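See below for the structure under consideration.
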Amino acid sequence: PISFIDPLGLELIPVTLPGLGSTYLDDAFYPLVQQFITNAAARGVNLQFNSAYRTPDQQAALHNDPNAITPANQSLHSCGFAVDVNYSVLPTRQQTIIRTAAAAAGLNWGGNFTPPDLPHFYVESTVPRATAIQNATLRYLLLSGQH
């Protein structure tokens, strides 16, 4: 192949995010996150991430966490298509900037939850979510040396 970009969103890659450090995101999602960071910074907000990729086991553990807002069974976090930022602690003006920066980068906000998951920014997978999670999990195991 000429490039290592996967337009179908089936390739988890290692990345570094401000505030979070080393993690993994889907290679089709990561450029959107980079644009999100750039957009927010251009408007004076330096994003700090607190969550990105979660294995299905890590996601399942959230069901027992009373502080978890929306512990979905098949989370977009588990396929590398979602990030959470330190949103709720910020002033309203900065929250507005963050939502605007995300939308300009092509990211959705809040999830399809009631109430919305305020720190949650994402895109839907281009393949069925279960398939995306399975592919991401296999890639994570390979990248982390657990396979």
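In this text, all values refer to a predicted model and were calculated from it rather than measured experimentally.
Separation of atoms CG (Leu32) and CZ (Phe81) is listed at 9.0 Å; rounding is to 0.5 Å. Considering CG of Leu143 and CG of Leu138, their distance stands at 11.0 Å, rounded to 0.5 Å. Taking CD of Glu11 as the reference point, atom CG of Asn135 lies at 9.0 Å (rounded to 0.5 Å).
Contact record, Cys79 with Ala136: CA-CB, 3.7 Å, taken as the closest heavy-atom pair. Contact record, Asn50 with Asn86: ND2-OD1, 2.5 Å, taken as the closest heavy-atom pair.
For the pair Ser78 (side chain) and Gln74 (backbone), a donor-acceptor distance under 3.5 Å is absent. Arg139 places a side-chain N or O within 3.5 Å of a backbone atom of Leu12 that can act as its donor or acceptor partner.
Counting heavy atoms from C-beta on, the side chains of Asn46 and Pro18 never come closer than 4.5 Å. Between Val33 and Phe49 there is a side-chain heavy-atom pair separated by less than 4.5 Å.
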Derivation and outcome, side-chain contact (heavy atoms from CB on, under 4.5 Å), residues Val15 and Gln34: CA-CA 10 Å; Val15 301; Gln34 289 177 306; over 6 Å; no

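Ring planes of Phe121 and Phe36: tilted class, angle from 30 to 60°. Using the six-membered ring where Trp is involved, Tyr140 and Tyr53 have ring planes that are tilted, between 30° and 60° apart.
Remark: Gln134 pairs with no residue by the side chain to side chain donor-acceptor pair (under 3.5 Å) rule, at least two apart or across chains. Applying the side chain to side chain donor-acceptor pair (under 3.5 Å) rule to Asn108 yields no partners; only residues at least two apart in sequence or on another chain are considered. When the ring-ring contact (aromatic ring centres under 6.0 Å, His included) test is applied to Tyr30, no partner is found at least two apart in sequence or on another chain. Residues satisfying the side chain to side chain donor-acceptor pair (under 3.5 Å) criterion with Gln35, sequence neighbours excluded, are Asn39. Take Gln58 and apply the side chain to side chain contact (heavy atoms under 4.5 Å, CB included) test, not counting sequence neighbours, and it matches Arg54, Thr55. Remark: Ala52 engages Leu17, Leu20, Thr23, Leu25, Val83 in a side chain to side chain contact (heavy atoms under 4.5 Å, CB included) (not counting sequence neighbours). Taking Tyr122 as the reference, His120 meet the ring-ring contact (aromatic ring centres under 6.0 Å, His included) condition, with sequence neighbours excluded. Scanning for side chain to side chain donor-acceptor pair (under 3.5 Å) contacts around Tyr87 gives Arg99, with sequence neighbours left out.
Pairs of residues two or more places apart, or lying in two chains, that qualify as salt bridge (charged side-chain N to carboxylate O under 4.0 Å, His left out) and include a residue from residues 118-127 are Glu124-Arg129. Counting only residues at least two apart or in different chains, salt bridge (charged side-chain N to carboxylate O under 4.0 Å, His left out) contacts with residues 12-23 are absent.
Linking Ile, Leu, Val, Met, Phe, Trp and Tyr whenever their side-chain heavy atoms come within less than 4.5 Å leaves Ile133 and Val123 in two separate clusters.
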